[in-house]
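What you see is a predicted model; the values in this text were computed from it and never measured. Every chain is numbered from 1, with letters handed out A, B, ... down the list of sequences.
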There are 2 protein chains.
Amino acid sequence: MPNQNRPAAEMPDSASAQDTAQAERFNQARAAQAVAVLEDYAEMIGDLIEELGEARVTDIAARMGVAHPTATKAVARLKREGLCTSRPYRGVFLTPAGAELAERVRARHRTVVDLLIAIGVPPETAELDAEGLEHHVSDTTLAAFDAFLAKQPPR
Amino acid sequence: MPNQNRPAAEMPDSASAQDTAQAERFNQARAAQAVAVLEDYAEMIGDLIEELGEARVTDIAARMGVAHPTATKAVARLKREGLCTSRPYRGVFLTPAGAELAERVRARHRTVVDLLIAIGVPPETAELDAEGLEHHVSDTTLAAFDAFLAKQPPR
DNA sequence: ACAAAAGTGTAGCCTTGGCTTTATTTGACC
DNA sequence: GGTCAAATAAAGCCAAGGCTACACTTTTGT
Ligand SMILES: [Mn+2]
Ligand SMILES: [Mn+2]
Ligand SMILES: [Mn+2]
Ligand SMILES: [Mn+2]
C-alpha cells in the first residue's frame, strides 16, 4: 500500500507468464486496498455534510469507529490527495474531486448491497460484507452487477 | 490491522446506535483485511507444494509479485500464527492448521470466481476482482453464493 | 573440486493506519 | 465576560507490509 509512486518492480524473465498474471492480480488487489480507506472517509464526509450540514472530525471518527487522531490523519491524507479541505478548528469540506469520489463510492456501495441481497444474502450480512467488498469491485464487475439487477424479476 | 489484541475501544455513550452499527461494519472490514495477506500466502504455499512438491521463498515471492524479503516476512508471520514451519535455506511447509486454512481459502476463491461468472462478469475480470473480494466474503455470504450457484441452470 | 550463480537471510528504511497522551482552541452557559 | 467542557491539534508509539542493499549458503556446471 506504500507502493504508490514506486518504479513498479519489473518482472524478471525467469517468472513464467502464469506467475506474472497471478502477480498482477495480487498487485491489483493491493492497489484497491490502498485507496479503500480514502474512499470510505470521502463517502463518510459526504454523508455527514448531507445530514448535518458539516463534517466534524469527532463525528467522522465516531462513525468510522476510530480514535479522533486517526480521523485527523485520514483527513490530512485526503487533503494531500486534493479530495478535501479544512482549516484548523473548523469542519472538513470535500473538493469537487472529493465530492465526485464520494458519489461514485456511494453508488457502488448501494449496487453491491443490492446485488448481495438479490443473490440471497440476508440484508444485515449484505451491509456488513459490502463495506469491505465494495473496494474490490472493478468498473467491469460493477457494470455486470447493474445489468444483473436490471433484469431481475422485481420482487 | 494492528488491532489484533487491543481492548476494542468501547463505544462512548454519545455515539448513536446508528453510528455504532456503522462503526462495527468498518471494524469488520478492517479485521478481514488484517488476515487477507496471511490467507493469500497460505493458499499460495499450498499451491506450490501441490505443484512443485515444495514451496521456496523465491517462488512464493515471484507468484505474489513481491520482493523476496517481503515473502520472508510473511512466512515469519505465518510461523508466528502457527500456520507454517520452515528451516533456514530449506522450503516452507504448512502446519495442519495452515493446510486447513489454505484449503478453505482456495474453495472460497473458487466459489467467488464462479459466482461472478454466473452473474455475467467476464472470466478474466472475475479472476482479477476475486483476489481482493474473497477476503471480505463472510461464511453467511459464501453459503448464499453456493446456494445460488447450486440452483443455477447448468450452462 | 571449485567458481559462479542462484537462493536465502538480515538489517534497515519507508508509508499507512491504528493508538494514547498532552496541549491548545473554541464555544456554550451562567 | 469568565469558566469550563468539548473539540481539535500535536507528538510520539506500534505493527504490517512494502522496499533495497548486502552477506551468507547452497546448488550447479565445468
Ligand atoms: Mn468500505
Ligand atoms: Mn461504503
Ligand atoms: Mn486474495
Ligand atoms: Mn485467492
Side-chain angles (χ1 to χ4, degrees), chain A residues 1-10 12-15 23 26-41 44 48 52 54-62 64-81 86-92 132 135, chain B residues 1-10 12-15 23 26-41 44 48 52 54-81 86-92 135:
Chain A
M1 174 186 324
N3 160 355
Q4 234 108 319
N5 26 9
R6 241 171 240 273
E10 55 190 71
D13 294 353
S14 58
F26 287 114
N27 278 319
Q28 161 138 334
R30 280 189 286 265
Q33 195 54 43
V35 296
V37 173
L38 292 201
E39 289 182 342
D40 280 335
Y41 276 93
M44 179 60 68
L48 286 168
L52 310 180
E54 64 175 349
R56 311 298 303 238
V57 170
T58 295
D59 296 332
I60 298 171
M64 295 297 299
V66 299
H68 58 79
T70 301
T72 300
K73 270 196 186 181
V75 169
R77 284 192 293 274
L78 286 169
K79 286 169 78 168
R80 187 182 344 133
E81 302 285 335
S86 80
R87 290 193 343 277
Y89 294 98
R90 289 293 176 267
V92 178
H135 309 283
Chain B
M1 178 184 313
N3 155 357
Q4 234 108 319
N5 26 8
R6 243 171 238 274
E10 58 192 68
D13 294 352
S14 57
F26 287 113
N27 279 319
Q28 163 139 333
R30 280 189 285 265
Q33 195 53 44
V35 295
V37 173
L38 291 202
E39 290 181 343
D40 280 335
Y41 276 92
M44 179 61 68
L48 285 168
L52 310 179
E54 65 177 348
R56 311 298 302 236
V57 171
T58 294
D59 295 332
I60 298 171
R63 293 215 187 175
M64 296 297 299
V66 299
H68 76 264
T70 301
T72 300
K73 269 196 187 180
V75 168
R77 286 192 292 274
L78 286 169
K79 285 168 79 168
R80 193 192 328 144
E81 302 285 336
S86 79
R87 291 195 342 278
Y89 294 97
R90 291 291 174 264
V92 178
H135 310 283

If you round to the nearest 0.5 Å, how far is CG of B/L38 from CD of B/E81? 6.0 Å
From NE2 of A/H135 across to P of C/dT16 the rounded distance in Å is 17 Å
Measure across A/R56 and A/Y89 and return the closest heavy-atom pair with its distance rounded to 0.1 Å. NH2-O, 3.6 Å
Tell me, for nucleotides 7-12 of chain D in 5' to 3' order, what letter each nucleotide earns: B for a base near a protein heavy atom under 4.0 Å, S for only sugar-phosphate near one, - for neither? SBBB--
B/Q33 CD to C/dG18 P, in whole Å, measures 11 Å
N/O (side chain, B/R80) to phosphate O (OP1/OP2, D/dA16) under 4.0 Å: yes
How many whole angstroms separate atom CD of B/E39 from atom P of D/dG17? 12 Å
Would you give the length of the straight line joining atom CG of B/L48 to atom OG1 of B/T58, rounded to the nearest 0.5 angstrom? 11.0 Å
Inter-residue atom distance B/Y41.OH - B/R77.CZ, 0.5 Å rounding: 7.0 Å
Mind checking if A/F26 touches a base, just sugar-phosphate, or nothing, with heavy atoms under 4.0 Å? nothing
Atom CG of B/N27 and atom P of C/dC19: how far apart are they, to the nearest Å? 8 Å
Can you pull every protein N or O that's under 3.5 Å from an N or O on nucleotides 2-4 of chain C?
none

Could you tabulate the donor-acceptor pairs under 3.5 Å formed by side-chain atoms of residues 64-76 of chain A, not counting sequence neighbours?
from: A/T72; atom 1: OG1; to: A/H68; atom 2: O; distance (Å): 3.1

Given C/dT16, is OP1 or OP2 found less than 4.0 Å from the side-chain N or O atoms of A/R77? no
Could you state the atom-to-atom distance from CD1 of B/I60 to C1' of D/dG18 in whole Å? 17 Å
Specify the closest pair of heavy atoms between B/A36 and B/H135, including all atoms of both residues, with the distance to one decimal. O-CE1, 3.4 Å
